K.L.:
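Have a look at the structure that comes next, please.
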Amino acid sequence: MYKREFLEFAGTVCLCEGEKDANSVNDLKLYSCDGGDVLATTSGSASSWVDSLANDLVGKRVIIMPHADADGAIYADKIIVSLKLREIAFRVVSFADAGVNDVSDFLADGHTKEHLVDRIGADWVGTAAPSPFEPRPEDWVEG
């Protein structure tokens, strides 16, 4: 379970179905492409999501990483409803097509953090902190 004070440093939050998966993602030290860190956390288990938890995610990008089973689908669906109600941007990352159940298995199967970034989308996360000196497209001024 996350500590609310850590969320202020995260531009992107990964919601994992379990603590092991959250730790696996946090160990990679990913960065949010719009600045800030990527924080992986869990609500506790597949059946533990409570709608009010989404209030802490307003203003963040959220990556949902459920397990590749029926409980994982229910977990993701509950989170999606909460995020949509608050107009929070999100993506769902599944590992079923890789033949594994979750992000920890994906990494243990030999996939790298670069593979995970590709799966999430390099427009949301990266392996290095963005440079404060490098202009981003949204900062460009035409004229």
Side-chain angles (χ1 to χ4, degrees), residues 1-140:
M1 189 80 115
Y2 66 86
K3 294 188 182 271
R4 285 188 171 98
E5 60 268 22
F6 295 149
L7 280 177
E8 72 179 86
F9 301 109
T12 301
V13 176
C14 290
L15 290 176
C16 301
E17 193 173 323
E19 188 174 344
K20 176 183 173 186
D21 295 331
N23 290 338
S24 293
V25 174
N26 284 328
D27 288 346
L28 298 176
K29 300 190 183 333
L30 298 175
Y31 295 92
S32 182
C33 288
D34 62 353
D37 296 321
V38 172
L39 172 72
T41 188
T42 182
S43 58
S45 69
S47 61
S48 64
W49 181 257
V50 178
D51 179 70
S52 61
L53 292 173
N55 293 332
D56 293 328
L57 303 172
V58 172
K60 310 290 182 192
R61 290 177 170 176
V62 177
I63 302 162
I64 305 166
M65 293 186 174
H67 288 183
D69 58 20
D71 289 339
I74 294 168
Y75 176 73
D77 288 344
K78 287 180 182 179
I79 294 170
I80 289 168
V81 168
S82 297
L83 300 179
K84 283 184 175 180
L85 285 172
R86 293 162 179 84
E87 299 180 353
I88 297 170
F90 69 91
R91 290 184 177 169
V92 179
V93 177
S94 173
F95 300 96
D97 65 325
V100 297
N101 187 50
D102 56 37
V103 67
S104 296
D105 293 345
F106 180 76
L107 296 167
D109 201 38
H111 294 279
T112 65
K113 70 179 177 177
E114 288 79 10
H115 294 139
L116 183 60
V117 166
D118 288 343
R119 191 166 280 266
I120 295 168
D123 59 325
W124 271 32
V125 299
T127 59
S131 169
F133 304 108
E134 211 172 287
R136 299 178 300 196
E138 63 268 19
D139 296 331
W140 296 347

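Please read all numbers here as calculations on a predicted model, not as lab measurements. Throughout, residue positions are numbered sequentially from 1 according to the sequence presented.
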K.L.:
Which atom pair, heavy atoms only, marks the closest approach of L116 to L28?
P.N.:
CD2-CD1, 3.6 Å
K.L.:
How long is the span from the CG atom in L15 to the CD1 atom in I64, to the nearest 0.5 Å?
P.N.:
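The CG atom of L15 sits 6.5 Å away from the CD1 atom of I64.
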K.L.:
How would you list, by chain and number, every residue that makes a side-chain hydrogen bond (donor to acceptor under 3.5 Å, both in side chains) with D27, sequence neighbours excluded?
P.N.:
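Residues passing side-chain hydrogen bond (donor to acceptor under 3.5 Å, both in side chains) with D27: none at all.
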K.L.:
Once you round to the nearest 0.5 Å, how far does CG of D21 lie from CG of N26?
P.N.:
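So the gap between those two atoms works out to 11.0 Å.
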K.L.:
Using the salt bridge (Lys or Arg N to Asp or Glu O under 4.0 Å) rule, collect all pairs that involve residues 113-122, keeping only residues at least two apart or in two chains.
P.N.:
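Sorted pair list: D97-R119.
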K.L.:
Tell me every residue that passes side chain to side chain contact (heavy atoms under 4.5 Å, CB included) with N23, counting only those two or more places apart in sequence or in another chain.
P.N.:
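Scan of N23 (side chain to side chain contact (heavy atoms under 4.5 Å, CB included), adjacent residues dropped) gives E19.
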K.L.:
Which residue pairs pass the salt bridge (Lys or Arg N to Asp or Glu O under 4.0 Å) test when at least one of the two sits in residues 71-81, sequence neighbours left out?
P.N.:
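Of all non-adjacent pairs touching residues 71-81, none passes salt bridge (Lys or Arg N to Asp or Glu O under 4.0 Å).
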K.L.:
May I ask you to test the V13-I63 pair for a side-chain heavy-atom distance under 4.5 Å?
P.N.:
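Sidechains of I63 and V13: no contact.
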K.L.:
Given 3.5 Å as the limit, does a donor-acceptor pair link the side chain of T42 with the main chain of C16, or not?
P.N.:
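Side chain of T42 to backbone of C16: a pair is present.
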K.L.:
What are the two closest heavy atoms between E17 and G72, and how far apart are they?
P.N.:
OE1-CA, 3.2 Å
K.L.:
What's the separation between atom OG in S82 and atom CG in L53, rounded to the nearest 0.5 Å?
P.N.:
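Rounded to the nearest 0.5 Å, the OG-CG separation comes out at 8.0 Å.
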K.L.:
Taking all non-hydrogen atoms of both residues into account, name the closest pair between P66 and V93 and its distance.
P.N.:
CD-O, 3.6 Å
K.L.:
Kindly write out the residues that satisfy side chain to side chain contact (heavy atoms under 4.5 Å, CB included) with S47, not counting sequence neighbours, or none if the list is empty.
P.N.:
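S47 satisfies side chain to side chain contact (heavy atoms under 4.5 Å, CB included) with S45 once adjacent residues are dropped.
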K.L.:
To the closest 0.5 Å, what do you measure between CG (D37) and OG1 (T12)?
P.N.:
10.0 Å
K.L.:
Please name all residues satisfying side-chain hydrogen bond (donor to acceptor under 3.5 Å, both in side chains) with T127, sequence neighbours left out, ordered by chain then number.
P.N.:
none
K.L.:
Do any pairs count as a salt bridge (Lys or Arg N to Asp or Glu O under 4.0 Å) and have a residue in residues 100-109, sequence neighbours left out, and if so which ones?
P.N.:
none
K.L.:
Please name all residues satisfying salt bridge (charged side-chain N to carboxylate O under 4.0 Å, His left out) with D51, sequence neighbours left out, ordered by chain then number.
P.N.:
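Salt bridge (charged side-chain N to carboxylate O under 4.0 Å, His left out) check on D51 returns R86.
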K.L.:
Can you run down the ring pair (Phe, Tyr, Trp, His ring centres under 6.0 Å) pairs that involve residues 49-76, sequence neighbours left out, and say none if there aren't any?
P.N.:
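Qualifying pairs, neighbours excluded: none.
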K.L.:
Distance check, rounded to the nearest 0.5 Å: I80 atom CD1 versus L85 atom CG?
P.N.:
12.0 Å
K.L.:
How would you list all residue pairs meeting ring pair (Phe, Tyr, Trp, His ring centres under 6.0 Å) that involve residues 89-119, not counting sequence neighbours?
P.N.:
F95-F106, F106-H111, H111-H115
K.L.:
Under the criterion side chain to side chain contact (heavy atoms under 4.5 Å, CB included), which of S104, C14, S24 is the partner of M65?
P.N.:
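Per the side chain to side chain contact (heavy atoms under 4.5 Å, CB included) rule, the option paired with M65 is C14, out of S104, C14, S24.
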K.L.:
Can you name the side-chain hydrogen bond (donor to acceptor under 3.5 Å, both in side chains) partners of R91, sequence neighbours left out?
P.N.:
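Checked R91 against side-chain hydrogen bond (donor to acceptor under 3.5 Å, both in side chains); matches are D123.
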K.L.:
Considering all heavy atoms of both residues, which atom of S32 and which atom of V38 are nearest to each other, and what is their separation?
P.N.:
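That closest heavy-atom pairing would be N-CG2, 3.5 Å.
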K.L.:
What residues form a side-chain hydrogen bond (donor to acceptor under 3.5 Å, both in side chains) with S94, not counting sequence neighbours?
P.N.:
none
